[in-house]
Structures are given as C-alpha cells and as structure tokens.
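Keep in mind the model is a prediction, meaning the values are calculated, not measured. By convention here, the first residue in the shown sequence is residue 1.
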Amino acid sequence: MAGVEGEFSVGLDVGSANISVAVGRTGYGKTIELLTLVQYPSLGVRKGMVVNIDEASRAISQAVFKAGARSGVDISAAFAGFTCTGARILAVDGPVATSGWTMILPSNQVDNLSAAIEKAGLAVDGIMLNCQAVARLALREAEVSLGTVVLDLGAETTSIALVRNRAVEDLVVLPVGSGHITSDLAIGLHTDLQRAEELKRSYLSRPGGDDWDRDPSLQSLVNNIVGARVDEIMELIRDALEGMGCLARAPGGILFVGGGSRLPGLGKILSGKLDISVRIPDGENFAPFSDMSGHPEHAAVLGLLLSDADRRRGELNVRSVGLIDRIKGLIRKP
C-alpha cells in the first residue's frame with residue numbers, strides 16, 4: 001500500500017445492506033489512526049452471504065475505490081468479515097493451555113466471499129465473523145472473562161454470539177433484521193423504502209408524539225405494523241438465547257450493535273422483554289476510535305481494522321525475531 005506514508009491496515013465488512021471499508025494507519029506501540037470509513041450499497045449479498053460473486057465484487061470495488069480516494073491509500077488487501085449462517089462451534093478438550101473452542105465455517109460461503117474480494121482486485125489477508133470483530137473492538141476486560149452476548153442486529157440477519165475469553169462459545173444467526181420492519185411499512189403503507197425508514201425511526205423514538213397527532217389513522221397503522229415485527233424479532237431473540245442457555249451464562253449482559261441498534265428505544269424494549277442488561281458501546285469501548293462511538297453499526301468493520309493491525313504487528317514481530325536470530329548467528333563466541 002502506498003500513497004501516504006506509514007503502515008496501513010484495512011477492514012472490510014461485507015454486509016447485506018452495505019459494504020463498509022475502514023482504513024487506518026498504525027503508529028508506535030498499539031496506536032492506530034482511523035483515516036477513513038466509508039459505506040457503499042451492497043450488491044449480490046443476501047442474509048449475510050455472497051450469492052452473486054460478480055455483483056458483490058462490483059460493490060466491493062466501488063467501496064474500496066471510495067475509501068482509497070478519501071484516505072490517499074492504494075488499497076491492495078483487506079481483512080474481511082461477514083455474517084455466516086450455518087457456522088458450527090465445537091468444544092476442544094485438552095489441557096488448560098489447549099482447551100477451548102473451534103469454529104467451522106461452511107466452505108461455500110467462505111469460498112464465495114473470497115472469490116468476490118479477489119475479483120475486486122484485493123488480496124484476502126484474513127476472514128472472521130463479524131461477531132468476533134465486534135468482540136475484538138468493544139468488549140471490556142471484565143465482560144471478556146465473564147461471558148457476554150454480542151447481538152448484531154443487521155438489515156437481513158440477527159447474529160447472536162456468546163463470547164467468553166475472546167472465544168465464540170455459541171452462535172445463532174436469525175434470518176430476520178431491522179430491514180424487515182422497513183419492508184413491512186413500505187408494503188403496508190404502499191410507500192417507498194426511504195419514507196418507510198423515516199416512519200420506522202419516528203415511531204420508535206416517540207410513538208404518539210406531535211408528528212403522529214396530525215394523522216391518527218397513520219399512527220394506528222404504523223403501530224400495528226412496526227409493533228408486530230418488533231415483537232416477532234424480540235421473541236426470536238429470546239427463544240434463541242434460551243435455547244443457547246445464554247441468559248444464565250452471560251453475566252456480562254448483551255452488547256447491542258449493528259444498524260438496528262441505532263433505532264431509538266429498541267435496546268430498552270429488548271432489555272425489558274429479556275430482563276437482562278442491554279447496552280450499546282460507548283466511547284470507552286470504541287477506543288481508539290472514540291469519535292465513532294455514536295455509530296454502533298460500524299463496530300464490526302472497526303474490529304476488523306484492529307484485527308488486521310494485530311496481524312500486521314504479529315508479522316512485524318516475527319520478522320524482527322528472525323533478523324535478531326540471523327544477527328546472533330554472525331556473532332562468534334570467544
């Protein structure tokens with residue numbers, strides 16, 4: 001990568017609604033400066049999976065071009081993340097040092113994602129699930145050791161992961177997301193998606209407020225449409241958590257991220273229905289990207305950026321050790 005000076009890392013989140021790219025410059029120690037974060041409408045991705053490699057590669061290319069133009073970095077590789085359906089988590093027995101959990105991802109989903117990225121002209125530096133990336137960024141140390149649920153409410157999927165000691169111990173991906181609320185409103189009100197999105201946000205922020213008093217019939221219809229879908233999503237989440245046994249295994253509560261987490265009032269509704277603490281990451285969790293703390297929908301791509309920086313630092317350490325060993329080999333003992 002070239003264009004501006006420094007060592008650069010890139011996170012690439014391939015989502016159902018948007019392709020997100022974050023570019024950062026690593027400094028001394030563990031510091032990293034966010035140069036840019038861009039989004040581009042997603043193509044060829046359904047429910048978190050690449051279903052059309054050509055369309056997905058075009059969207060990725062556009063997002064990367066936009067990020068490169070804004071950051072001044074010639075982007076040639078990225079650390080990618082996605083929401084995978086059908087992942088399996090297996091316990092690994094053994095001594096304390098080796099016991100833990102391993103994750104098996106469906107090869108066709110990984111292959112399609114890799115093919116789309118490579119067709120966009122990028123090398124794949126690594127692939128991980130978005131829930132892992134969110135955990136890398138936003139979980140506090142106490143939450144990491146105790147066990148915390150990472151709940152990522154996206155446009156077409158809802159990912160529920162139990163994370164303990166940085167490992168994903170259980171994972172469920174529901175085929176429903178906040179975009180379904182918008183679609184329901186667009187169909188029920190015979191309007192376009194943009195207007196439906198505006199009505200959804202207005203409803204969740206202050207139902208029955210002044211804006212609604214002007215048209216009581218609209219208020220009633222939106223109440224019924226949004227309420228029915230929100231209730232369904234909440235019930236599905238609760239059933240999944242109970243099936244995973246997470247409500248008893250997650251004293252760290254729920255970390256709520258994704259585009260759906262920005263819907264006003266939804267976190268409070270979720271907490272009330274589940275009787276468990278639910279929080280959206282704040283500035284402390286978004287360090288070193290504190291200015292992005294009001295955007296939980298970016299938690300995954302920022303976590304991917306940090307993961308790429310970790311990988312690059314690891315490679316640098318390996319190269320440094322190798323150089324030291326070679327120098328030692330040239331020194332003759334008396």
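- For the pair R136 and D310, the minimum side-chain heavy-atom distance is below 4.5 Å.
- R279 meets the side-chain contact (heavy atoms from CB on, under 4.5 Å) test with R140, E143, L255, N285; sequence neighbours excluded.
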(Q) For D184 and K200: C-alpha separation, side-chain torsions, deciding distance, then whether salt bridge (Lys or Arg N to Asp or Glu O under 4.0 Å) applies. (A) CA-CA 10 Å; D184 290 348; K200 175 179 69 176; over 6 Å; no
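- For the pair L137 and F286, the minimum side-chain heavy-atom distance is below 4.5 Å.
- F65 forms part of no hydrophobic cluster, judged by ILVMFWY side-chain heavy-atom separations under 4.5 Å.
- Using a 4.5 Å cut-off on side-chain heavy atoms (C-beta onward), V150 and N130 make no contact.
- By the 4.5 Å heavy-atom criterion applied to side chains, L129 and L105 are counted as neighbours.
- With a 4.5 Å cut-off on side-chain heavy atoms, F289 and L306 count as touching.
- Across Q39 and K66, no two heavy atoms sit closer than the pair O-NZ, 3.3 Å.
- By the rule that hydrophobic residues join a cluster once side-chain heavy atoms approach within less than 4.5 Å of another member, L189 and L263 end up as members of one cluster.
- For Q109, the side-chain contact (heavy atoms from CB on, under 4.5 Å) criterion is met by M49, F82, C84, T85, P106, not counting sequence neighbours.
- Heavy atoms only, all atoms of each residue included: A56 and A116 are closest at CB-CB, 3.9 Å.
- Rounded to the nearest 0.5 angstrom, D308 CG and R311 CZ are separated by 4.5 Å.
- Note that CG of L35 and CZ of R70 are 13.0 Å apart. Values are rounded to the nearest 0.5 Å.
- Counting heavy atoms from C-beta outward, I233 and L266 have side chains that stay 4.5 Å or more apart.
- By the criterion of side-chain heavy atoms lying less than 4.5 angstrom apart, applied directly or through intervening Ile, Leu, Val, Met, Phe, Trp or Tyr residues, L43 is not grouped with V21; the two fall into different hydrophobic clusters.
- Side-chain N or O atoms of N18 include none that pairs as donor or acceptor with a backbone N or O of S20 at under 3.5 Å.
- Atoms OG and CD1, from S220 and I225 in turn, are 9.5 Å apart once rounded to the nearest 0.5 Å.
- With sequence neighbours left out, R58 forms a side-chain contact (heavy atoms from CB on, under 4.5 Å) with D54, E55.
- No path of Ile, Leu, Val, Met, Phe, Trp and Tyr side chains, each step under 4.5 Å between heavy atoms, connects L302 with F79, placing them in separate hydrophobic clusters.
- The side-chain heavy atoms of V149 and I160, taken from C-beta on, include a pair separated by under 4.5 Å.
- A heavy-atom distance below 4.5 Å is not found between the side chains of V124 and L122.
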Do any side-chain atoms of residues 151-158 form donor-acceptor pairs under 3.5 angstrom with protein atoms, and if so which ones, sequence neighbours left out?
from: E156; atom 1: OE1; to: K47; atom 2: N; distance (Å): 2.7
from: T158; atom 1: OG1; to: V176; atom 2: O; distance (Å): 2.7

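- For D275, the side-chain contact (heavy atoms from CB on, under 4.5 Å) test picks out no residue, with sequence neighbours left out.
- Once rounded to the nearest 0.5 Å, the distance linking OG of S114 with NZ of K119 reads 14.5 Å.
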